[in-house]
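In what follows, a single structure is set out as structure tokens and then discussed.
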Amino acid sequence: MKNNGFWLSFEAIISMALLGLLLSVPLQETRPGLENLHIFKKENDLLLLWTKNTVKLEEMKKDFETAFPNKSGTVYFDAEKIAIGEPTEKAISSKVIFFRQMQKHELRIVVFKNDFS
């Protein structure tokens, strides 16, 4: 009978130790989300739209502000650059090279983020 009590106490000690270990493991502070993928998809949609149609830089700026409200970024078209808002340290960028009337063009969008997950 004394032996049964010993094993029950030993099992309780191990269970409490495992519970303590599980509670001491740090939880994931930020949840991985799909926000970065969503931004990347929007960038590629804008690039596709701009490569199909001849648009001016001012129209590109308006499209950027519509697609990315409250975000800053930069649009590069060949040697021209449009800065929208203030740049930050982290960004997501997309780039396309296309030919129109046998001339090579390069178009790039950079979206700056305040909080990366």
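Values below: every heavy atom of this structure, side chains too, minus hydrogens, waters and symmetry copies. None of the values given here were measured: they were computed from a predicted structure.
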* To do: Can you establish whether the number of heavy atoms outside Asn70 located under 6.0 Å from its atom CG is more than 12?
  => no
* Take Lys62 and Glu59 through the side chain to side chain contact (heavy atoms under 4.5 Å, CB included) test and state the conclusion after the steps. => CA-CA 5 Å; Lys62 288 178 186 176; Glu59 293 175 20; 5.7 Å; no
* Asked: Do other residues, nucleotides or ligands put more than 12 heavy atoms under 6.0 Å from His38 NE2?
  -> no
* Asked: Is the backbone N or O of Thr51 less than 3.5 Å from a side-chain atom of Arg100, with the two atoms forming a donor-acceptor pair by type?
  -> yes
* Should Leu47 and Phe98 be marked as a side chain to side chain contact (heavy atoms under 4.5 Å, CB included) after you check the CA-CA gap, both sets of side-chain angles, and the distance that decides it? -> CA-CA 10 Å; Leu47 290 175; Phe98 65 99; over 6 Å; no
* Asked: In Å and rounded to the nearest 0.5 Å, what is the OG1 to CD1 distance from Thr74 to Ile84?
  -> 7.0 Å
* Shared ILVMFWY cluster between Phe68 and Leu48, side chains joined below 4.5 angstrom? -> no
* Report the distance from atom NZ of Lys41 to atom CG of Leu46, rounding to the nearest 0.5 Å. => 10.5 Å
* Would you call Lys71 and Glu43 a salt bridge, using N to O less than 4.0 angstrom? -> no
* Asked: Hey, what do you get for CD1 (Ile109) to CD1 (Ile92), rounding to the nearest 0.5 Å?
  -> 12.0 Å
* Asked: Ile14 versus Glu11: any side-chain heavy-atom pair under 4.5 Å?
  -> no
* Indicate the atoms forming the closest heavy-atom contact of Ser72 with Glu86, along with that distance. => OG-O, 2.6 Å
* Of the non-hydrogen atoms in Phe112 and Gly73, which two are nearest, and what is the gap between them? -> CD1-CA, 3.5 Å
* Just how far is it from atom CD1 of Ile39 to atom CG of Asn44, taken to the nearest 0.5 Å? -> 12.0 Å
* To do: For the pair His105 and Phe77, evaluate side chain to side chain contact (heavy atoms under 4.5 Å, CB included) and give the outcome as yes or no after the intermediate values.
  => CA-CA 7 Å; His105 298 283; Phe77 183 67; 4.0 Å; yes
* Quick one: do Val75 and Trp50 satisfy side chain to side chain contact (heavy atoms under 4.5 Å, CB included)? Show the steps, please. => CA-CA 11 Å; Val75 177; Trp50 293 340; 4.0 Å; yes
* **Spacing of CG belonging to Asp78 relative to NZ belonging to Lys104, to within rounding of 0.5 Å** => 9.5 Å
* Is a donor on one side and an acceptor on the other found under 3.5 Å between the side chain of Thr88 and the backbone of Lys113? -> yes
